[in-house]
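Side chains included, hydrogens not; waters and symmetry mates left out as well; all remaining heavy atoms used.
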Amino acid sequence: MQKQQSDLDRERQYCELCGKMENLLKCGRCRSSFYCSKDHQKQHWKKHKLSCREVDKAQVPKQIPEQAQPPGDDEAPEKCPQKKSSEQADSASVPQPEDTGIPGIGNTPGNDGSNNTATPNGQTSLSPLKLAQEYIVPCMNKHGICVVDNFLGTETGLGILDNVKALHKTGRFTDGQLVSQKSDSTKDIRGDKITWIEGKEAGCDKIRFLMSRMDDLIRHCNGKLGNYTINGRTKAMVACYPGRGTGYVRHVDNPNGDGRCVTCIYYLNKDWNAKEHGGLLRIFPEGKAQFADIEPKFDRLLLFWSDRRNPHEVQPAFSTRYAITVWYFDADERARAKEKYLTGAGEKGVKVELGKPSDPS
């Protein structure tokens, strides 16, 4: 039954009204339509009520609590009295939406969107193998974007954050650079400060642990992510947007075939409020009218294809925003990029960084 529900969830990945892909809610009656807010569900009710049907309660997984179905007219009043009969509710009421886990867009299966999971440290309750093969692989192959909430748990996440803050205080962070450095206008394009970490540096033990867990996931996914054979990765790029409206304009991580196939980002921002702090990562999936807004929430892992399928931008941040990014290489594309670089066949003025990648295995 859980597999059937997961399959159903994956088929409905957008808010029925506006198409938003982040933090979706599920219709409490039919459990097959999704909305980004209760307001949007109410606005869409005139149309949705024609197809909304109450699911057979015997089929509802026990871990999903039954929600009250507030009545109301077609204008969906804000305040709702007691629940009407099922016949009345079917024709008049707006079902209460409930939190849902939509692979790649919302919460990780097994989590409730908070740190209240089955594990004492708050991390996702799925093992790395299950998380990789049952969640990340199908999600990436279907959507090209995958979000894992509560990846390592609060305690471990805070340890990583301490490592990053200590690094920041050392003054090692420098202005982020562009792959194609043709002008002095970098700051107009990206406003982050970065440093590269191998994992063996003093005071980076928690960052090294994060990198090892990322490697574990990719190793379990390898051979199943598209047609890629992943044989290496970059160092970890630790980035800080220092607030003051800094961001990164729309761009593609790998526009020139440099070998990077999967972008893997870990966020470290406690109590982040996008309305107040900004800093959303907005992804524009190729061929889709909708965009995906990803909040840089604490202990959230984000994966997406690194090539032209996922142009993205970091919207202006008004509070200090930390993230750690690792890019994984496809063996064949990386080899072609090295050959092109070494033979001087690349475009004039384009520099491809070809430092020896780390081995994720």
Side-chain angles (χ1 to χ4, degrees), residues 13 20-25 36 99-117 119 121-126 128 131-132 135-136 139-140 143-165 192 206-207 209-218 221 236-241 247-248 253 262-283 291-305 310 312-315 317 319-328:
Q13 58 182 301
K20 186 178 179 181
M21 303 165 73
E22 174 77 356
N23 295 331
L24 296 178
L25 302 168
C36 66
D99 290 327
T100 183
I102 300 180
I105 307 302
N107 303 319
T108 309
N111 290 348
D112 60 2
S114 70
N115 278 344
N116 298 319
T117 62
T119 53
N121 189 26
Q123 71 269 27
T124 174
S125 56
L126 299 179
L131 183 61
Y135 178 63
I136 293 175
C139 174
M140 286 291 287
H143 305 296
I145 307 169
C146 187
V147 175
V148 179
D149 282 328
N150 310 321
F151 179 50
L152 297 176
T154 302
E155 182 179 342
T156 303
L158 288 174
I160 297 168
L161 180 57
D162 286 343
N163 278 187
V164 170
K165 287 183 174 180
D192 55 337
K206 300 300 183 182
I207 297 176
F209 176 75
L210 167 66
M211 295 165 70
S212 72
R213 288 299 304 271
M214 289 177 170
D215 290 349
D216 286 344
L217 284 183
I218 296 299
C221 292
M237 186 187 78
V238 183
C240 170
Y241 288 87
Y248 196 157
D253 284 354
V262 175
T263 301
C264 191
I265 308 176
Y266 182 72
Y267 293 112
L268 289 156
N269 308 295
K270 290 287 290 181
D271 304 316
W272 191 268
N273 182 332
K275 289 184 179 179
E276 178 182 353
H277 303 136
L280 288 171
L281 181 74
R282 175 165 289 181
I283 304 178
F291 52 79
D293 279 342
I294 310 297
E295 294 186 38
K297 293 181 177 180
F298 177 79
D299 200 28
R300 167 172 281 183
L301 186 73
L302 168 67
L303 303 95
F304 57 89
W305 302 132
N310 284 317
H312 55 282
E313 65 187 20
V314 177
Q315 298 190 334
S319 184
T320 303
R321 178 189 187 275
Y322 290 114
I324 299 176
T325 304
V326 169
W327 287 272
Y328 287 89

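When all heavy atoms are compared, the tightest approach of F304 to L281 is CE2-CD2, 4.1 Å. The nearest pair of heavy atoms linking L303 to M140 is O-SD, 3.7 Å. Annotation for V314 and G279: closest pair CG1-O, 4.3 Å, computed over non-hydrogen atoms.
Judged as a ring pair (Phe, Tyr, Trp, His ring centres under 6.0 Å), and not counting sequence neighbours, the contacts of W272 are H277. Under the side-chain hydrogen bond (donor to acceptor under 3.5 Å, both in side chains) criterion, Y322 pairs with H168, sequence neighbours left out.
Within the 4.5 Å cutoff, the side chain of M237 has no heavy atoms near those of the I324 side chain. Under the 4.5 Å side-chain criterion, counting only non-hydrogen atoms from C-beta, K165 is not in contact with T320. Using a 4.5 Å cut-off on side-chain heavy atoms (C-beta onward), I294 and H312 make no contact. Within the 4.5 Å cutoff, the side chain of K297 has no heavy atoms near those of the Y267 side chain. No side-chain heavy atom of E295 sits less than 4.5 Å from a side-chain heavy atom of N269.
Between I283 atom CD1 and F291 atom CZ the span is 12.0 Å, to the nearest 0.5 Å. Of the inter-residue distances, the one linking I207 atom CD1 with D162 atom CG reads 10.5 Å to the nearest 0.5 angstrom. If you take OG1 on T263 and CG on N310, they are separated by 8.0 Å, rounding to the nearest 0.5 Å. Atom OG1 of T156 and atom CZ of F151 lie 10.0 Å apart (nearest 0.5 Å). Separation of atoms OG1 (T325) and CG (L302) is listed at 9.0 Å; rounding is to 0.5 Å.
Panel note: side chain N163, backbone K206; a donor-acceptor pair is recorded below 3.5 Å. Using a distance-only test at 3.5 Å, with no hydrogens or angles considered, a donor-acceptor pair links the side chain of D299 to the main chain of G153. Between the side chain of D192 and the backbone N or O of Y248 there is no donor-acceptor pair closer than 3.5 Å.
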